[in-house]
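Labels below follow one simple rule: chain letters A, B, ... track the order of the sequence lines, proteins then strands, and each chain is numbered from 1. This structure is a prediction, so every number in the text was calculated from the model and none was measured.
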There are 2 protein chains.
Amino acid sequence: MAIELDAPAAEIWGLLRTLFGQHRRRFLGAASELDLHPAQAGALLQLDSPLPMRHLAALLGCDNSNVTGLVDRLEVRGLVTRQASDEDRRVKNIVLTDAGRRLREKLLDRVGRPASGLARLEALEQIQLRDLLRKVLEEASEPPAG
Amino acid sequence: MAIELDAPAAEIWGLLRTLFGQHRRRFLGAASELDLHPAQAGALLQLDSPLPMRHLAALLGCDNSNVTGLVDRLEVRGLVTRQASDEDRRVKNIVLTDAGRRLREKLLDRVGRPASGLARLEALEQIQLRDLLRKVLEEASEPPAG
DNA sequence: TATTGTTATACTCTATAACTATA
DNA sequence: TATAGTTATAGAGTATAACAATA
């Protein structure tokens, strides 16, 4: 049996990938139940506040041209509207409608809350886990996604 | 300011979602560089050993019929082959070719290894984190994904 | 009769390039 | 000249339903 110098890190990564998989299935399931394509659900989650098309495209990691069609379909369903910017008339801000906001809340109810497994940790353990993850992410400046 | 009874769990979930986002971007970037669609890259990662179509579909969370086309395209690129099962002639096992195995290794080099942030933890902290995650996932029987 | 994989269809996503209207 | 968003196009993903072969 070979000695695994890096065994804990490798197992941690495996455990995290399992968590990722659970989260992803939860996200896909929630989107499906709400009759949203994953990309549409991802866009809704990003729209905490109004965003220009190009900004939304950057957050979704795709080209501007993709966002045109995506927003078209959300707009047809009455979930978002395009608002011309006052400062720069080229820019259109995407704004959630009331219906869009309600749907976004439903999504958050399902994917924005902690995985059930966290409840198995006692209060002190949760604080330990929080501190360890903080340290892992210390330098990270990237925003949470999906 | 309202009292957050569940503050650590909520922050943990936020930190984990940040990690998910990093992992997802790394995954999408690696797939793109290797000229693979995300779904194709996900399939390759699942093919550690040969799998029947239906099993692959279940792991990818999509319908059998989708896997037909996906495997078609992987087969055209010489990354996988279909092997009829001996036990049940309805079943086709999807097997990586040598080229497929090499491409899968390249993928794993990029997404299968621990996030760099883990290196910020000392040995003892890694063991603590591992044990906490083990507990969180205690009952989970789901396999890791993508 | 039920299951495995395929085909057919329709809609969505995604990348690329060309276009417009602003700046 | 550069940028924000659109349009056009092509390839891929996805769900559904219908189908052939096998169990």
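Atom pair B:L36:CG and C:dA15:C1' shows a separation of 15 Å (rounding to whole Å applied). When the C1' atom of D:dA12 is taken as reference, atom CG of B:L74 falls 12 Å away, rounded to whole Å. Between the CD atom of A:Q83 and the P atom of D:dA4 there is a distance of 19 Å, given to the nearest Å. D:dA12 atom P lies 16 Å from atom CG of B:L34, rounded to whole Å.
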Exercise. Could you write nucleotides 6-14 of chain C as a row of B, S and -, 5' to 3', where a protein heavy atom under 4.0 Å of any base atom gives B, of only sugar-phosphate atoms gives S, and otherwise -?
Worked result: BB----SSB
For this session: Scan nucleotides 18-23 of chain C nucleotide by nucleotide, 5' to 3', and note B when protein non-hydrogen atoms come under 4.0 Å of the base, S if they reach only the sugar-phosphate, - if neither.
Result: ---BBS
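Side-chain atoms of B:I94 and B:V67, non-hydrogen and from C-beta on, never get closer than 4.5 Å to each other. In this structure the side chain of A:L96 never reaches within 4.5 angstrom of the side chain of A:D48, judged on heavy atoms. Contact annotation: the side chain of A:L34 never approaches that of A:L44 to less than 4.5 Å [non-hydrogen atoms, C-beta and beyond]. Put simply, the side chain of B:R120 does not reach to within 4.5 Å of the side chain of B:E125, judged on heavy atoms. The shortest side-chain heavy-atom distance between B:E11 and A:Q126 does not fall under the 4.5 Å cut-off.
Of the residues listed (B:L79, B:L59, B:V80), the one engaging B:L47 in a side chain to side chain contact (heavy atoms under 4.5 Å, CB included) is B:V80, and it is the only one.
Sorted by first then second residue, the salt bridge (charged side-chain N to carboxylate O under 4.0 Å, His left out) pairs that include residues 55-80 of chain B, not counting sequence neighbours, are B:D72-B:R82, B:E75-B:R82.
A salt bridge links A:R134 with A:D131: at least one charged nitrogen is closer than 4.0 Å to a carboxylate oxygen.
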